[in-house]
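Encoded as structure tokens, the structure appears first; notes follow it.
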There are 2 protein chains.
Amino acid sequence: MSISEQIILSETTPEDRSMAIREALRNAIIDRRLAPGTKLSEAEVGSLFDVSRTVARAALQMLTFEGLVKTERNRGAFVSNPSPDEARQIFASRRLIEPGIVAAALERITLEDIEQFRRQLQEEERYMTERGPAARRAEIKASGDFHLMLASVAGNAILQRFMDELIARSSLVIALYGRSGVSSCGHSEHFAILDALQAGDGERAAALMLHHIDHIEADLDLQEKQGLGLKDALAIG
Amino acid sequence: MSISEQIILSETTPEDRSMAIREALRNAIIDRRLAPGTKLSEAEVGSLFDVSRTVARAALQMLTFEGLVKTERNRGAFVSNPSPDEARQIFASRRLIEPGIVAAALERITLEDIEQFRRQLQEEERYMTERGPAARRAEIKASGDFHLMLASVAGNAILQRFMDELIARSSLVIALYGRSGVSSCGHSEHFAILDALQAGDGERAAALMLHHIDHIEADLDLQEKQGLGLKDALAIG
DNA sequence: ACGGCAAGGATTGCATACGATTTGCGCATG
DNA sequence: CATGCGCAAATCGTATGCAATCCTTGCCGT
């Protein structure tokens with residue numbers, strides 16, 4: 001493990017430290033500071049955050065439930081390395097859910113919300129001008145945030161939680177299989193969706209969202225890359 | 001807590017006992033053997049299943065993630081008492097997801113699957129003839145199983161997990177707010193959906209599924225019945 | 001008589017200790 | 001030199017102990 005920053009979470013939440021650790025690890029994973037396959041030993045996580053294994057374990061359990069880490073009995077927890085097939089399932093799920101989210105959001109969104117969204121998107125535009133892995137990570141994160149904000153105004157806590165998981169895993173997949181400037185096209189599409197919402201055209205907004213997801217997935221290179229070594233050896237041998 | 005049967009899970013799974021406990025509690029909750037609001041103390045659960053608080057706690061954590069129990073810090077875990085609003089969100093989510101599941105299932109379902117489904121449905125019919133709370137619980141459970149089986153043939157593990165949660169919470173809601181013979185109409189609708197699937201008519205199957213969900217929700221009496229026991233006592237006294 | 005308050009009990013939150021299981025390495029041996 | 005066996009290190013799974021927190025309830029002052 002190589003989290004450069006020893007994150008101080010003493011001040012953040014006096015309660016539920018495992019939640020804070022989950023959040024920190026979650027961010028590290030979807031930012032790709034923790035590479036897929038990285039081992040997350042309970043003791044290591046615990047010492048990094050200066051807590052006992054008990055609470056570290058709880059955090060890892062939560063992440064396992066979210067599908068961001070895979071736990072093998074008596075072996076440990078590892079950052080999830082989603083297969084292309086898993087990636088396809090993730091996007092299939094999003095295609096199913098997000099149009100509905102858009103429709104629900106249309107019912108409840110206010111002008112203030114839309115203003116807020118626009119400010120957020122303009123904020124993101126700054127990252128697009130920059131290059132480098134840090135900027136790319138910020139892009140991926142911000143792009144996901146748009147979808148999450150949309151889910152939050154939809155007013156359905158359950159769907160919001162589903163989206164939380166889907167976006168997190170999508171970020172992981174994009175970081176793994178992403179090809180190029182995902183966001184350059186994705187960004188304008190976010191604006192287009194907002195426009196449709198503002199115009200009250202749910203039909204169009206949903207269609208745009210579908211296209212948007214298609215574009216994101218189309219930009220991926222979903223090839224079986226390094227089949228865990230074992231499969232490579234078997235296939236080659 | 002009053003789980004009559006002290007379930008023996010020593011033989012079931014030599015590994016991951018917390019998972020077995022989760023399963024047992026889960027069944028008890030959706031079968032309504034554990035009433036909403038029931039306190040699930042770590043020590044009590046632990047002693048019931050003859051494990052330490054640690055593993056009991058893990059099981060409760062998982063159930064909390066699924067939304068079947070609500071945990072209050074420093075207070076304990078309680079069987080979830082879904083509000084009418086939560087119930088509406090659950091069914092809204094199902095309306096969003098299940099038609100997509102039907103469509104996906106259509107692509108992959110085999111004749112054997114359909115045969116299996118029919119056998120299952122006929123099996124359920126036995127329960128319908130009986131009366132009493134036990135039969136009602138069995139009905140609710142079986143009715144949910146149909147949807148879960150459908151999700152499993154859809155071939156999307158993520159959606160399947162979402163449905164797992166939605167069905168579990170639906171069962172809880174139906175047990176809480178259900179009015180009458182949910183299944184009498186629901187059952188025939190299951191057959192109708194199967195017929196549409198066998199005919200390869202995804203359009204119709206999805207529409208039938210939507211109607212089916214509508215019917216289930218329509219049969220609920222979604223009034224704020226926040227008794228909490230206190231008000232019960234007051235009303236009676 | 002009523003409202004605030006403090007002591008007591010119960011329960012969770014967390015840390016640590018111990019046993020179980022797996023992995024990897026070294027050594028003996030063919 | 002290759003191979004198989006066995007031991008040791010590491011890590012997880014689980015139990016239990018202690019401290020912190022919250023609720024209850026009885027008490028006292030007003």
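Lettering follows sequence order; numbering is per chain, from 1. None of the values given here were measured: they were computed from a predicted structure.
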d([atom1], [X]; [atom2], [N]) in whole Å:
X       : N      : atom1 : atom2 : answer
B:Glu72 : C:dT11 : CD    : C1'   : 13 Å
A:Ile21 : C:dC14 : CD1   : P     : 9 Å
B:Asn74 : D:dA20 : CG    : P     : 12 Å
A:Arg73 : D:dA10 : CZ    : P     : 22 Å
A:Arg75 : D:dG13 : CZ    : P     : 12 Å
A:Glu42 : D:dA10 : CD    : P     : 16 Å
A:Phe49 : C:dC14 : CZ    : P     : 15 Å
A:Glu44 : D:dA10 : CD    : P     : 13 Å

Check: protein-nucleotides 15-17 of chain C nitrogen or oxygen pairs below 3.5 Å:
from   : atom 1 : to      : atom 2 : distance (Å)
C:dA15 : OP1    : A:Arg17 : NH2    : 3.4
C:dA15 : OP2    : A:Ser52 : N      : 2.9
C:dA15 : OP2    : A:Ser52 : OG     : 2.7
C:dA15 : N7     : A:Thr54 : OG1    : 2.9
C:dT16 : O4     : A:Thr54 : OG1    : 3.4

TODO: Quick one: list whatever passes side-chain hydrogen bond (donor to acceptor under 3.5 Å, both in side chains) with B:Thr64, sequence neighbours left out.
DONE: B:Thr71

Task: Any residue meeting side-chain hydrogen bond (donor to acceptor under 3.5 Å, both in side chains) with A:Ser80, in chain and number order, not counting sequence neighbours - done: none

Task: Partners meeting side-chain contact (heavy atoms from CB on, under 4.5 Å) with B:Phe78 (sequence neighbours left out) - done: B:Lys39, B:Glu72, B:Arg75

Open item on the list: Over 60° means perpendicular and under 30° means parallel, so tell me whether A:His190 and A:His147 are parallel, tilted or perpendicular.
Closed with: perpendicular

Open item on the list: Would you call the rings of A:Phe146 and A:Phe117 parallel, tilted or perpendicular, taking 30° and 60° as the class edges?
Closed with: perpendicular

Open item on the list: What verdict does the salt bridge (charged side-chain N to carboxylate O under 4.0 Å, His left out) test give for A:Glu217 and A:Arg94, after you've listed the backbone C-alpha separation in whole Å, the side-chain angles of each residue and the deciding distance to 0.1 Å?
Closed with: CA-CA 11 Å; A:Glu217 189 174 3; A:Arg94 289 186 60 175; over 6 Å; no

Task: Backbone N/O of A:Gln89 and side chain of B:Asn156: donor-acceptor pair under 3.5 Å - done: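 Judged by distance alone, yes, a pair lies under 3.5 Å.
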
Open item on the list: Whether A:Arg57 contacts D:dG13 is assessed here as follows: a side-chain N or O lying under 4.0 Å from the phosphate OP1 or OP2. Is that the case?
Closed with: yes

Open item on the list: Considering only residues two or more places apart or on different chains, which pairs with a residue in residues 165-178 of chain B satisfy salt bridge (charged side-chain N to carboxylate O under 4.0 Å, His left out)?
Closed with: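 Those involving residues 165-178 of chain B are A:Arg161-B:Glu165, B:Glu86-B:Arg169, B:Glu165-B:Arg169.
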
Task: Nucleic acid contacts of residues 58-70 of chain A, taken as heavy-atom distances under 4.0 Å to DNA chain C - done: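 Contacting residues: none.
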
TODO: From the options A:Ile30, A:Val69, A:Leu34, select the one residue that forms a side chain to side chain contact (heavy atoms under 4.5 Å, CB included) with A:Leu25.
DONE: A:Leu34

